[in-house]
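Since the structure comes first, as structure tokens, the remarks are kept for the end.
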Amino acid sequence: MMRLLIAVGVGYVLGTKAGRSRYEQISKAAKAVAASPATKKVIDVGRQKLSDSLNTQPRLEPLEAIDSDTTIYVPRDRR
């Protein structure tokens, strides 16, 4: 929410100082960057890394199968 308010404020100030045509040019450039596939990929990768770092569930992998119905799982770092 705070980022949106800052962006609106910056856009307003730049628009009033440079005029409407410059404001439209800046607005189009900002929308193009926000809609870019590269930008979306960077955001998705960042969100995934953040999600992985905040995940409290350890990643488990099978240690050994006891029988056909039972498998023991342990965290990766304890193997």
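Quick note: residue numbers are just sequence positions, from 1. Keep in mind that this is a model prediction, so the values were computed, not measured.
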What distance do Lys40 atom NZ and Ile43 atom CD1 have between them, rounded to the nearest 0.5 Å?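 Spacing of NZ (Lys40) from CD1 (Ile43) equals 9.0 Å.
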
Considering only residues two or more places apart or on different chains, which pairs with a residue in residues 24-33 satisfy side chain to side chain donor-acceptor pair (under 3.5 Å)?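 Residue pairs passing side chain to side chain donor-acceptor pair (under 3.5 Å), neighbours aside: Arg20-Glu24, Arg22-Gln25.
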
Same cluster (ILVMFWY, side-chain, under 4.5 Å), Val10 and Val33: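 Not linked; separate clusters.
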
